[in-house]
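Just below is one structure, and these are the notes that go with it.
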Number of protein chains: 2
Amino acid sequence: MVKADCRRRLMEVGTRLFAERGLHGVSVRELSRAAGASISMISYYFGSKEGLYSSVLQEQFACFDQIGDIRQQGASPLAVLEGYLRWTIQRHRSNPYLLRFYTSELTNPTAYFATLVAPPIGNVIKILADVIEEGRQQGQFRPGINAVNAALALAGMINYFFLSTLATESLTNHSPAQDEQLVGQYAAIFTQGIIAAP
Amino acid sequence: MVKADCRRRLMEVGTRLFAERGLHGVSVRELSRAAGASISMISYYFGSKEGLYSSVLQEQFACFDQIGDIRQQGASPLAVLEGYLRWTIQRHRSNPYLLRFYTSELTNPTAYFATLVAPPIGNVIKILADVIEEGRQQGQFRPGINAVNAALALAGMINYFFLSTLATESLTNHSPAQDEQLVGQYAAIFTQGIIAAP
DNA sequence: GTCTATATTGCGATAGAC
DNA sequence: GTCTATCGCAATATAGAC
């Protein structure tokens, strides 16, 4: 086998197994077996099991680098918030393991939380809060709004929809076919609320 | 040491350590050492490490049995939704480890997920959705509202506020002194949205 | 009911052949 | 660059003394 192949297969297998059972739930024996490589390849390419884990984590959170894209010039605050919903759904759809690393690190942080995980998450909330604060100052949003808490509310709505899937799949349709409706529903709740117009 | 004491201390230590590092991240050696008991006490009282874990999990989710209380007779749908926010905050405040088991089981389910975790979570969402559906039929809430997705949105807002703490503590005040303001802010967003009144 | 001591298995990491 | 073989250690679980 050639170099790049073995390394890549270890990353793929590591992503799946670490996501499913956490850093401590997988052994290097199992990782190497699943990758069809020998056990020593993990030390060779990543130094240790933790090294492989941190590489996987870094790759998982690389998608957050594109967060700035949702803030296109000239777009209204409302359009940006809707863009955030779409971007977040897309992230979860194209990477079904992201949420596991995300919540696992938030509740059982490893040594890599501070450098690889917290900054991108904090950054997203900061950008959303900025956009909300802008809209507030332009008179589009209510003066009483706390921008950061509102940003957390929007992020919470959409992330929890995916997080809760295993416990609620019998209650609502989680299929990608419904994604655009979900964007509409959640944008409507966040902007107008659920109360009927007077 | 008397029987009840040793068993109780193992439960306390198990709760803290399993929450902090997950089922696979803690050894029976460490558990027994931290509880000031011998290693064989875990087998004696719980059969195995997994037995201790499932006992802890059961105790953690016992607080969900009181969910029915938020639906007091005569209370308006709006009052019930606000009661849910308060009840959820109270749950997280009085048990700082609950959210770790909650998200850890949702993303890395153990054998106990189906019996101990999914039912209470699904039940809460079902009750919220029922209340929203009622309000909708009474004309209080917008006809276009999807009750289950709206229930998930409300649950997501408040749970994510606590979930994201580690990554956002520098951005907003997470102290219990702000809890009642948070209830007001999130109830307002969920019912009226963030858009300024016309 | 609680302990110590131990049986057995599996772990992460590495040495050294090819 | 990849393998096999192995070292040293820690894991869970249990036997048996008290």
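Just so it is clear, the model here is predicted, and its values are computed rather than measured. Order of the sequence lines sets the chain letters (A, B, ...), proteins ahead of strands, with each chain counted from 1. Every heavy atom of this structure was used, including side-chain atoms; hydrogens, water molecules and symmetry mates were not.
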Item checked: Closest-nucleotide 5' rank along DNA chain C - winner of B/I39 and A/I42 -> B/I39
Margin query: Nearest whole Å is fine: how far is C/dC11 C1' from A/L52 CG?
Written below: 16 Å
Item checked: Among D/dC3, D/dA13, C/dT2, the one nearest B/S43 by side-chain distance -> D/dA13
Next item on the list: Establish, yes or no, whether a centroid distance under 6.0 Å links the rings of A/H174 and A/F162.
Entry: no
Check: C/dG16 C1' sits how many Å from A/Y44 OH, rounded?
Finding: 15 Å
Check: Does C/dC11 have OP1 or OP2 sitting under 4.0 Å from an N or O in the side chain of A/S27?
Finding: yes
Checklist line | Cationic tip of B/R91 above B/F64 ring, under 6.0 Å, 45° of axis | finding: yes
Next item on the list: Please state how far atom CD in B/E30 lies from atom C1' in C/dC11, giving the value in whole angstrom units.
Entry: 16 Å
Check: Can we say A/R71 and A/E134 salt-bridge, meaning some charged N sits less than 4.0 Å from an Asp/Glu carboxylate O?
Finding: yes
Next item on the list: Give the rounded distance in Å between these two atoms: CE of B/M41 and C1' of D/dA15.
Entry: 13 Å
Next item on the list: Measure from OH on B/Y45 to C1' on D/dT14 and round the result to the nearest Å.
Entry: 17 Å
Notebook entry, point to check: What is the distance, rounded to the nearest whole Å, between atom CG of B/L31 and atom C1' of C/dT2?
Noted result: 17 Å
Next item on the list: Starting from C1' on C/dC11, measure out to NE2 on B/H24 and report it in whole angstrom.
Entry: 14 Å
Notebook entry, point to check: Is there a donor on the side chain of A/R29 or the base of C/dG12 sitting less than 3.5 Å from an acceptor on the other?
Noted result: yes
Check: For residues B/N95 and B/Q60, is any side-chain donor paired with an opposing acceptor at under 3.5 Å?
Finding: yes
Next item on the list: Specify the residue among B/S40 and A/E50 whose closest nucleotide of DNA chain C lies further upstream toward the 5′ end.
Entry: B/S40
Checklist line | Whole-Å gap separating C1' (D/dA13) and CZ (B/F46) | finding: 16 Å
